[in-house]
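This report refers to the structure that appears directly beneath it.
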Amino acid sequence: MRDAIFVTGGSGFVGRTLLPALRSLGRPVIALARQPVPKMSHAGTTVIGGDLLDAASYEDALRSCDVVVHLAAATGRASAEDHMRVNARGTDVLLDACRKAGVPKVLFVSSIATTFSDKTGYHYALAKCLAEEAVSRSGLRFVILRPTVILGPGAPVLGSLEKLARLPFIVVPGTGTVRVQPIHVNDVARCITETVRQDLFTNETVEIGGPETLTMEGLLQHIRVARTGRAGRVLHVPLPALRIPLQMAEALGLGRLLPISAGQLSSFRFDGVAASHPLHDRLGASLINVAQMVPRASTADLAGDSLNAECRVFTQHLLGCDPDDYVAAHYRAAHAGMPTLSPRGRFDRALLSFARISPLCAKIADAYASLFLRAGALRKRLVLLLAILETRPPFSTMIDQALGGSTLLLLIRLGARTAAALISLLVGTLIFTPTRIVLAMMGKGAP
Amino acid sequence: MTPTVTVVGSGASGVHFALTVLRKGGTVRMLDVGRQGRAAVLPDATLDQLKHQLDDPAGYFLGPRHEAALLPGVDDEYYGIPPSKDYVFDPPPGFAHSGAGFAPLFSFARGGLAEAWTGGCYPLTAAEIEDFPFPYSDLAPHYDEVARRIGITGEPDDLSRFMPLHDHLLPPLALDRHSQMLMHSYGRVRGRLNNTGAYMGRTRVATLSQPLGSRQACDYLGRCLWGCPRGALYTPSQTLSECQTYPGFDYLPGVEVSHLHIGPDHRARAVVARSLETGVEQEFAVDRVALAAGALLSTKIFLMSLLRHTGERVRLRGLMDNRQVLVPFVNLGMLGRQFSPESYQYHLLGVGLESDAPRDYVHGQITTLKTALVHPLISRLPLDLAASTYLFRAIHAALGLVNVNFRDTRREDSYVELTGDDVPRLRLHYSPDTEEPARIKNALSRIKRSLFSLNCVVPPGMSHVRPMGSSVHYAGTLPMSRTAAPFTTTAQCQSRDLENVFVVDGATFPFLPAKNITFTLMANAVRVAEAAF
C-alpha cells in the first residue's frame with residue numbers, strides 16, 4: 001500500500017520538529033538526509049542517505065510514498081549558485097522523480113519572501129519563486145505553504161536578529177516599520193501535519209503566520225528585552241548604506257563572513273505578513289505568540305547566559321578557540337564575588353557591550369582600552385579570563401608554548417600581529433574617541 | 001615550672017634561638033599566633049602535572065575568590081603571593097597599623113615571614129657588621145651552624161668577595177637554560193665587568209641540592225612559588241618541628257602576645273597574651289623573655305609594655321628596610337626559545353656592585369622567568385591582550401628580573417611609635433635619606449650597562465622602585481650599641497630598659513646591609529642563645 005510520507009530536509013530546523021509530529025498520523029515516514037542523523041531514526045523514522053539533486057539515491061523510496069513534504073533548502077548566507085542549485089534545480093529533480101515514481105501529492109514549504117515586490121539580489125526568494133512555479137506546473141496535486149518568519153528554539157534567523165538586538169544600540173536596517181508576523185516552528189509543523197491528515201492538496205498557495213503582527217523594530221526590541229532584561233535605544237541605518245557594502249563584500253566572495261546577506265535586507269523593507277486564506281483556518285489556529293517564541297529568560301539565566309556568551313567571545317579573541325565549561329564556570333563564579341568587574345559609567349559599559357559582539361569587536365575595543373582605559377571593566381574581565389585560562393590545560397599550554405621558528409619567521413609573525421594590533425587600535429580610536437566624547441557630553445556617569 | 005626562656009614568635013630568629021637553648025639543656029615556652037597552611041597537594045606532581053591533575057587548577061592557582069588574579073587598576077604593590085601562602089600574612093582579628101612612607105608586611109604564621117621567603121642566605125662581611133658591638137669572629141661560627149642546620153647551596157666564585165664562605169655549603173642547584181646562558185655571557189665579558197666593579201655568580205640559597213635529614217633534595221618540580229612540596233626549600237617551621245621533639249619545649253599556638261607585664265624592678269614578670277579562640281587574656285610567668293616576633297611586632301610588644309608600665313608613649317627611631325628596585329630585562333639570546341618549567345624558580349644567580357665604601361655594596365638577585373603566573377605581565381604590554389599574549393610567547397623565556405637591594409642606615413626621621421587610640425596601633429614613619437635617588441640612579445645605570453654587556457636589554461621605563469616596607473627586612477628600632485643608652489640593647493641583645501628581656505630578631509641590628517638578612521638573623525639568634533643562656 002502506498003501510504004508513506006517522504007520528507008526532504010528532515011534534519012533541518014523545521015524538519016526536526018516535523019518528523020515527530022508526523023508520527024501522530026500513524027503512517028510510515030521516510031526522511032532523506034545527506035548524512036544519516038541518529039536522532040531521526042529514534043523518532044521512528046526511516047532515514048535514507050541521499051542527495052536531493054541525485055534522484056537515483058531516493059527514487060526507490062518514493063515508490064511507497066503517497067505524499068512528499070519538501071522542506072530541503074539552502075538558506076541564509078548560501079551563495080547565489082547554491083540557492084539556485086538546491087532550491088530551484090533540486091526541486092525540479094525531486095518533482096521529476098515523484099512523477100516517475102507515481103507519487104500523487106506534494107507539499108512544498110516555500111517562504112513569505114516570495115511575496116516581496118522586489119527580489120533583486122535576494123537569491124533565496126528568487127529560487128523559491130522558481131520552485132513554486134515548478135510545483136504548480138508539476139501536474140501533481142500540491143499545496144504550497146508560505147510561512148512568515150519562523151521562530152522557536154534553535155531558529156537560525158533568531159541568531160541573526162539577536163546579533164542586531166544585542167548591540168549597544170539596536171541596529172534596525174531601514175525604518176523598522178515593516179510588519180512581521182512570526183510563527184512558531186511547532187505551528188508550522190502542525191500546519192503541515194494537518195494538510196496531510198485532512199488531505200488538503202487543493203493546488204493552492206497558502207500563507208501562514210503567527211497570531212500576532214508587530215513591527216520589525218518591535219520584534220527586535222522584544223528580543224532585546226528577552227535576552228538582556230532591558231530595552232535598548234534604536235539606531236536606524238538606511239538600507240542603501242548597508243546594501244552596497246554587503247553587495248561589494250559578497251562580490252569579493254566574503255559572503256560567509258557577513259552577519260547578513262544583501263538579499264536578506266529585503267526582510268527589513270517589505271512586510272512579511274500572511275494574507276488570509278480559507279484553508280488557513282482548517283489547518284488549525286496558530287496559537288503560539290511572540291512572548292512564547294522568544295521567552296524572557298530569568299535574571300539568573302540572563303546573567304549566566306550573558307557571561308557564558310561573553311566568555312566564549314573573549315576566549316576566541318584571546319586564544320582563537322572556545323572555552324570549555326570549566327573556564328566558563330570560573331568566569332561566571334568570579335563575577336559573583338568581584339564587584340570591580342562591573343562597568344563604571346556609560347562609556348565603560350558601552351565599550352564592554354561592543355566587545356561582546358564578536359571576537360573582532362573584542363579586539364578593537366581591547367586595543368583601544370589597552371591605551372586609553374586600562375582599568376576599565378573590559379580589561380579587567382579579559383585579564384581575569386587570561387588568568388583562568390593560564391591555569392587550565394589545554395589553554396595553559398597554548399599560553400606557555402614558545403612562539404619559536406627561525407628569527408626571520410618569528411619577526412614576520414610578530415610584525416604581522418603587531419600590525420593587526422595597531423590597525424585595531426586605529427579603528428578603536430576612530431570609533432571610541434568620538435563615542436567617549438559624546439557620552440561624556442551627555443553627562444551623568446560617563447567617565 | 002617557669003621555663004628557662006619564653007620566646008615570642010616562631011620565625012627564623014625564634015626557632016633557631018629556641019633550638020640552641022634546648023640543645024644546651026634549657027627549657028623553652030614559645031608563644032605564637034601560629035597560622036598554618038595546608039599540606040601540599042599532589043606532592044609528586046610537577047607544576048604542569050598539577051595543572052592537568054588537579055580537579056580545580058584555577059581554584060588552586062588563583063584562590064577560591066580568584067584573589068590571585070591581578071586585575072589592572074589595582075595599585076597595591078604586587079608581591080605575587082599565591083593562595084597557598086595566604087596564611088603567612090593572615091593577621092589576627094583586629095590587627096591594624098598605620099604609617100607614612102612605609103608599607104610593611106606582617107606575618108603571624110608558624111615559621112613567620114620566611115615561610116614565604118625565597119631562601120637567599122648571604123653572610124655579612126666584617127665591614128658590614130662594623131656597627132655591631134662584637135667582633136666578626138663572634139658571629140662567623142654561627143653562620144656555619146645555621147648552614148649545617150638548614151642546608152645552603154652555593155660555591156666559591158666571583159661573589160665570594162662580598163659573601164664570605166662558611167662551612168657546610170652544599171653544591172649549587174642546577175641552572176636553567178636562561179641562567180646558563182647568562183653565566184656563559186658573563187664568562188666572555190668578566191674582565192671588563194669586574195673592572196667596573198660588577199661581579200656575577202651563584203646565589204646562596206637554603207634549598208637542598210642533596211638530601212639533609214628527613215628533607216629531600218630539590219627535584220625541580222617547578223612549584224617553588226606555591227610552596228615546595230618536598231621541603232627542599234628551607235622554612236623555619238621545619239626547625240620548629242625539630243624543637244618539638246625536645247621534651248623541654250612547650251609550643252603554645254593560638255595566642256597573640258600584647259605586652260609584657262613589668263615589675264617595679266624593671267623586669268618582665270609575665271607575658272600577657274590573648275587567646276585567639278576565646279579572646280581571654282592570659283599571663284604566662286617568665287624568668288627571661290626572648291622577643292622574636294619580627295622587628296616590627298617585637299617593637300610593638302616592647303612599646304606596649306612600656307606604655308602599660310609607665311604610661312609613656314615612646315618613639316623608637318632608626319627604622320630600616322632595604323630599598324628594592326626591580327629591573328626587568330630581556331635576554332636577546334633566549335628570544336623565541338621554550339622555557340623549562342621543571343627547574344628551580346627563584347634566583348639562581350646574583351650580581352654584586354662594588355662601591356667605594358664596602359658598606360655601600362649593592363646586591364642583586366637575578367630571577368629568570370619560568371612558571372610565575374604571566375597574566376600580570378601580559379596585561380602590561382600596550383597592545384590588545386590577544387596580540388600581547390602572542391608577543392609574550394616569543395619573549396617569555398627571555399625575560400628576567402634583577403631585584404636590586406640597597407643598604408639602609410638608622411636615621412632620626414624614620415621611627416616607630418604607638419597611636420593614641422584606646423587600642424594603640426603601630427604607627428610607622430619612614431623618610432629616605434636625601435642621597436638615595438642618586439644612589440639608585442647610579443646603581444641602575446651600572447646594572448643596565450652590565451646587563452647590556454650580557455646581551456640583555458632593559459625595556460625603558462619598566463624598572464620599578466618598590467615602596468619602603470616591600471623587602472620585609474625590617475630592623476633598627478632597638479639597636480645593639482656599645483654605649484649604654486635607653487632603648488638600646490647590649491651585644492647580647494639584652495634590653496637596657498627591661499633587664500630580663502632579649503630581643504633576638506632584626507630590631508637590634510644597628511645597620512642594614514644590602515643583603516637579605518635572614519641568614520644573619522638566624523646566626524645572631526644562635527649567637528645570643530649560646531652566649532647568654
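Chain letters run A, B, ... following the sequence lines, proteins first, then strands; residues in each count from 1.
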Mind listing the closest non-hydrogen atom pair of [X] and [Y] along with its distance?
X: Leu383(B); Y: Ala421(A); value: CD2-CB, 4.0 Å
X: His317(A); Y: Asp384(B); value: CE1-OD1, 3.6 Å
X: Lys51(B); Y: Pro393(A); value: O-CD, 3.4 Å
X: Leu381(B); Y: Arg379(A); value: O-NH2, 4.1 Å
X: Tyr326(A); Y: Asp55(B); value: CE1-O, 3.8 Å
X: Ala394(B); Y: Leu410(A); value: CB-CD1, 4.2 Å

What part of [X] lies closer than 4.5 angstrom to a heavy atom of chain B: side chain, backbone, both or neither?
X: Leu425(A); value: neither
X: Thr407(A); value: neither
X: Met338(A); value: side chain

Residue, of [options], that accumulates the most heavy atom pairs under 4.5 Å with chain B:
options: Met398(A), His330(A), Arg392(A), Arg413(A); value: His330(A)
options: Ile399(A), Thr340(A), Thr418(A); value: Ile399(A)
options: Leu386(A), Leu422(A), Leu389(A), Leu341(A); value: Leu386(A)
options: Pro359(A), Gly428(A), Ala387(A); value: Ala387(A)

Heavy-atom cut-off 4.5 Å, strictly under: side chain, backbone, both or neither for [X] against chain A?
X: Ser379(B); answer: both
X: Leu62(B); answer: side chain
X: Leu54(B); answer: neither
X: Tyr60(B); answer: neither
X: His396(B); answer: side chain

Does any N or O in the side chain of [X] come within less than 3.5 Å of the main-chain N or O of [Y], such that one atom is a donor and the other an acceptor?
X: Arg417(A); Y: Ala387(B); value: no
X: Asp366(A); Y: Leu385(B); value: yes
X: Glu390(A); Y: Leu373(B); value: no

Could you give the distance from [atom1] ([X]) to [atom2] ([Y]), rounded to the nearest 0.5 Å?
X: Ser396(A); Y: Leu47(B); atom1: OG; atom2: CG; result: 9.0 Å
X: Gln338(B); Y: Leu403(A); atom1: CD; atom2: CG; result: 10.5 Å
X: Asp56(B); Y: Thr391(A); atom1: CG; atom2: OG1; result: 8.0 Å
X: His375(B); Y: Leu384(A); atom1: NE2; atom2: CG; result: 8.0 Å

Crowded around Arg312(A) CZ? As in, over 12 foreign heavy atoms under 6.0 Å?
no

